[in-house]
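Just so it is clear, the values below take in all heavy atoms, side chains as well, and ignore hydrogens, waters and symmetry mates. Being a predicted model, the structure only gives us computed values, none of them experimental.
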Amino acid sequence: MKSVAIMTSGGDAAGMSPAVKCCAEYLWSKGCKPFLVHDGLNGLIDDKITEAKPEDVSGIIHRGGTVLRSCRSERFFDIAHRTTARDNLKKHGIEGIIVIGGDGSFSATNQFYSDFQIPFAGIPATIDNDIAGTDYCLGVDTSLNVIRQAIDSIRDTADSFNRAFVIETMGRHCGYLAMTSALATGAEVCLVPEIDYDLDSIGNRLRSEVDNGRSYLIAVVAEGTQMGSYLTRWITDTIGMDARLTVLGHIQRGGSPTVYDRIMAYKFSVAAVDGLLSGEKNQIIVYKEGSFGTVPISTVADSHAKIDPTLINLCTPLCH
Ligand code: F6P
């Protein structure tokens, strides 16, 4: 395989831009011709495909979001558009694709593989950390640092005003961001889809802490629980503490990638290029217990990501 397209797809995540750079540069080092697909899956359909030049990938390692831009493409569900995409790749002589994105993007690319047998390798990149088979997805560390900084700032106001703050994190149906940031910021409460919570018991615990001098509190809630507004009212009514809700929203997606995300981008990229060049057809690169490997797309599509049981155990007291 000589010509390989690099594409970012789905929600942007810090680490995507470094991965684009690393994939292109590693492909050159292997004597291959990298191409860049702009605007995600829509760019495949609209032929926004250019051969990568060194200047396209220089000065981008610190960039958040994705320098290739991205989208969630409705059109790619339509075989007529996928056929156009195949024709575009053929026109450029492209034989394989590296897709940097989440499980939705991998499923779409796998459909494309079933249609036209164009091999691809997937690099997990989503702040949600919800891709089955991998312990880590690009963007998670950067997002956690943004959340940590926001909660540390909110704590200053909570402390100064004797207030409760409920902070809602992203993550779609996955509570990884909420759990990790609740622990890292010393939150008193954490509600996530993965752990049963008990408001009565949380109420008893908090009331007793207030009786013993607690003057403010921080609760982190995963968006997947849809409990943000309810918990804020509940704290005012049940604990008797003035409470505010902060929905962190899209600030969690952006920002310059942390050192960890940049280094992980290198490692994922090398594994993706090596996998494709060694003849793998539709594999996702995974990082598991400290090593890189590949899993078939079916592993990712057919199962849910499992959260580290140690993290669950550490968070459980915050749910009761
Ligand atoms: O998948 C990343 C993510 O940021 C989720 O955490 C969130 O639920 C969703 O995307 C938001 O999507 P959009 O940016 O399309 O509103």
Original post:
Arg163 side chain to Asp242 main-chain N or O, any donor-acceptor pair under 3.5 Å?
Top reply: no

Original post:
Checking Asp56 side chain against Ala52 main chain: does a donor-acceptor pair fall under 3.5 Å?
Top reply: no

Subject >> Shortest non-hydrogen separation from Ser278 to Gly275 and the atoms involved >> reply: OG-O, 2.9 Å

Subject >> Ser73 and Asn42 side chains, donor-acceptor separation under 3.5 Å >> reply: yes

Original post:
Between Cys319 and Asp198, is any pair of side-chain heavy atoms under 4.5 Å apart?
Top reply: no

Original post:
Under 3.5 Å, side chain of Ser153 to main-chain N/O of Gln149, donor-acceptor pair present?
Top reply: yes

Subject >> Backbone N/O of Glu223 and side chain of Gln226: donor-acceptor pair under 3.5 Å >> reply: no

Original post:
Angle class for the Phe292/Tyr287 ring planes (parallel below 30°, perpendicular above 60°, tilted otherwise)?
Top reply: tilted

Original post:
Is the closest side-chain heavy-atom distance between Leu41 and Met7 below 4.5 Å?
Top reply: yes

Original post:
Do Ile60 and Pro18 come close enough that some side-chain heavy atom pair is under 4.5 Å?
Top reply: no

Original post:
With a distance cut-off below 6.0 Å to the six-membered ring centre and an angular limit of 45° from the axis, does Arg86 pair with Phe116 as a cation-pi contact?
Top reply: yes

Subject >> ring pair (Phe, Tyr, Trp, His ring centres under 6.0 Å) partners of residues 29-60, not counting sequence neighbours, each pair once >> reply: Phe35-His92

**OP:** With the side chain counted from C-beta on, respond yes when Phe112 and Phe120 share a heavy-atom pair under 4.5 Å apart, and no when they do not.
**Re:** no

Original post:
Are the side chain of Asn110 and the backbone N or O of Ile297 linked by a donor-acceptor pair below 3.5 Å?
Top reply: no

Subject >> Name of the residue among Asp141, Asn129, Asp261 meeting side-chain hydrogen bond (donor to acceptor under 3.5 Å, both in side chains) with Tyr136 >> reply: Asp261

Original post:
Is any side-chain heavy atom of Leu311 less than 4.5 Å from a side-chain heavy atom of Leu183?
Top reply: yes

Original post:
Using a side-chain heavy atom cutoff under 4.5 Å and only I, L, V, M, F, W and Y, what cluster partners does Leu217 have?
Top reply: Val166, Val189, Leu191, Tyr197, Leu199, Ile202, Leu206, Val210, Val221, Met227, Tyr230, Leu231, Trp234, Ile235, Ile239, Met241, Leu245, Val247

Original post:
Is the shortest heavy-atom distance from the side chain of Ile94 to the side chain of Ile49 under 4.5 Å?
Top reply: yes

Subject >> Donor-acceptor contact below 3.5 Å, side chain Glu194 vs main chain Ile312 >> reply: no

**OP:** Dump the intermediate steps for side chain to side chain contact (heavy atoms under 4.5 Å, CB included) on Leu248 and Met170, then the final yes or no.
**Re:** CA-CA 8 Å; Leu248 293 180; Met170 276 188 167; over 6 Å; no

Original post:
Taking side chain as C-beta onward, heavy atoms only, is Leu36 less than 4.5 Å from Val20?
Top reply: yes

**OP:** Flag yes if more than 12 heavy atoms outside Phe77 fall under 6.0 Å of its CZ atom; otherwise flag no.
**Re:** no

Original post:
Can you find a heavy atom in the side chain of Leu89 that is under 4.5 Å from one in the side chain of Ile97?
Top reply: yes

Original post:
Run the ring-ring contact (aromatic ring centres under 6.0 Å, His included) check on Tyr26 and Tyr266 step by step: do they pass?
Top reply: CA-CA 9 Å; Tyr26 190 56; Tyr266 274 94; over 10 Å; no

Original post:
Can you list every pair that meets salt bridge (charged side-chain N to carboxylate O under 4.0 Å, His left out) and has a residue in residues 310-320, with sequence neighbours left out?
Top reply: none

